[in-house]
Q: 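I am attaching a structure below and will ask some questions about it afterwards.
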Amino acid sequence: MADNNNNSWMNNPALSGIDPAKLQMLASLAEQAQKKDKSELMPFLMALSKGEAGAASGDVSDSRSPAEGTSGAPASGPISFDSAETEAIINVLKAGKSPQEIKKMDKILSVMKKIRK
């Protein structure tokens with residue numbers, strides 16, 4: 001698991017209303033993404049955006065069978081985030097980043113939105 005410094009964003013008060021299981025799943029996905037090289041990262045993110053986390057290697061959660069996931073996903077279905085949770089997470093992750101890093105993040109988010117449509 002990633003060290004506490006890499007997951008310090010999880011302790012941000014802006015995220016206090018988000019279920020800890022959801023934040024832990026995000027931390028696990030972020031750890032997996034950090035291990036990918038640039039050529040593997042976009043397919044990994046695309047698989048995640050389509051709800052195929054298990055197919056993205058690592059089996060963090062599998063939307064096809066929530067009981068088989070290892071992320072602590074509730075038995076009722078895969079973990080999802082509402083728009084307020086998503087916005088809070090993105091804002092926390094952008095905090096302290098350079099304008100260039102924020103621009104890259106915004107570009108990735110734009111691609112992800114297009115993929116979901």
Side-chain angles (χ1 to χ4, degrees):
M1 175 123 295
D3 68 26
N4 203 23
N5 289 337
N6 289 339
N7 291 335
S8 62
W9 60 271
M10 291 174 53
N11 300 320
N12 189 301
L15 304 179
S16 64
I18 300 176
D19 184 333
K22 290 180 177 185
L23 295 177
Q24 189 58 48
M25 181 199 67
L26 281 178
S28 181
L29 291 173
E31 182 179 354
Q32 288 180 46
Q34 287 177 343
K35 295 176 183 176
K36 305 280 182 201
D37 78 16
K38 289 182 182 184
S39 66
E40 297 173 314
L41 192 54
M42 189 53 79
F44 175 78
L45 293 173
M46 288 174 39
L48 291 176
S49 74
K50 294 177 182 176
E52 301 169 1
S57 88
D59 257 345
V60 173
S61 80
D62 186 337
S63 62
R64 293 165 289 182
S65 180
E68 293 176 8
T70 58
S71 67
S76 62
I79 293 177
S80 63
F81 297 88
D82 64 34
S83 59
E85 291 173 327
T86 301
E87 185 175 337
I89 292 165
I90 290 168
N91 288 336
V92 166
L93 293 175
K94 285 181 178 182
K97 301 289 188 222
S98 71
Q100 295 83 4
E101 290 172 312
I102 291 172
K103 186 176 179 180
K104 285 181 187 178
M105 291 174 78
D106 286 341
K107 186 174 183 177
I108 291 169
L109 291 168
S110 176
V111 168
M112 300 301 284
K113 284 180 185 177
K114 288 178 185 177
I115 290 170
R116 279 190 251 158
K117 289 184 179 181

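Computed from heavy atoms alone, side chains included, the values below leave out hydrogens, waters and symmetry copies.
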Q: Is there a side-chain contact between Lys35 and Glu40, using heavy atoms and a 4.5 Å cut-off?
A: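 Not touching, per the 4.5 Å side-chain cut-off.
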
Q: To the nearest 0.5 Å, what is the distance between CD1 on Ile89 and CD on Glu87?
A: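 Going from the CD1 atom of Ile89 to the CD atom of Glu87 covers 11.0 Å.
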
Q: For Ser98, does its backbone N or O pair with a side-chain atom of Glu101 as donor and acceptor, under 3.5 Å?
A: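 A pair under 3.5 Å: yes.
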
Q: Minimum heavy-atom separation for Ala14 to Ala88, with atom names?
A: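 That closest heavy-atom pairing would be O-CB, 4.0 Å.
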
Q: Assigning hydrophobic clusters by single linkage (Ile, Leu, Val, Met, Phe, Trp, Tyr; side-chain heavy-atom cutoff under 4.5 Å), is Leu109 placed with Leu93?
A: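 No: no chain of side-chain contacts under 4.5 Å links Leu109 to Leu93.
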
Q: Quick one: pull up CE in Met25 and OG in Ser80 and give me the separation to the nearest 0.5 Å.
A: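 Separation between the atoms: 8.5 Å.
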
Q: Answer yes or no: does atom NZ of Lys94 have more than 12 heavy-atom neighbours from other residues, nucleotides or ligands under 6.0 Å?
A: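 Yes, enclosed.
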
Q: Between Lys97 and Lys104, is a side chain to side chain contact (heavy atoms under 4.5 Å, CB included) present by the stated rule, with each step listed?
A: CA-CA 10 Å; Lys97 301 289 188 222; Lys104 285 181 187 178; over 6 Å; no

Q: Less than 4.5 Å apart, side chain to side chain, heavy atoms only: is that true for Ile18 and Leu15?
A: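 Heavy-atom side-chain distance check passes, below 4.5 Å.
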
Q: Could you check whether any side-chain N or O of Lys22 sits under 3.5 Å from a backbone N or O of Phe81, counting only pairs where one atom can act as donor and the other as acceptor?
A: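 No, Lys22 side chain to Phe81 backbone: no donor-acceptor pair under 3.5 Å.
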
Q: Can you check whether Glu85 reaches Asp19 side chain to side chain, under 4.5 Å on heavy atoms?
A: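 The answer is no, as the side chains (C-beta and beyond) never meet within the 4.5 Å cut-off.
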
Q: Tell me whether Ile108 shares a hydrophobic cluster with Leu29, the cluster being built from Ile, Leu, Val, Met, Phe, Trp, Tyr side chains joined at under 4.5 Å.
A: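 In one cluster: yes.
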
Q: Rounded to the nearest 0.5 Å, what separation is found between the CG atom of Leu41 and the NZ atom of Lys36?
A: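 The NZ atom of Lys36 is 9.0 Å from CG of Leu41, to the nearest 0.5 Å.
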
Q: Between Ser110 (side chain) and Asp106 (backbone), is there a donor-acceptor pair under 3.5 Å?
A: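 Side chain of Ser110 to backbone of Asp106: no pair is present.
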
Q: Compare every heavy atom of Leu26 with every heavy atom of Trp9, then report the nearest pair and how far apart it is.
A: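 Trp9 and Leu26 have their closest heavy atoms at CH2-CB, 3.7 Å.
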
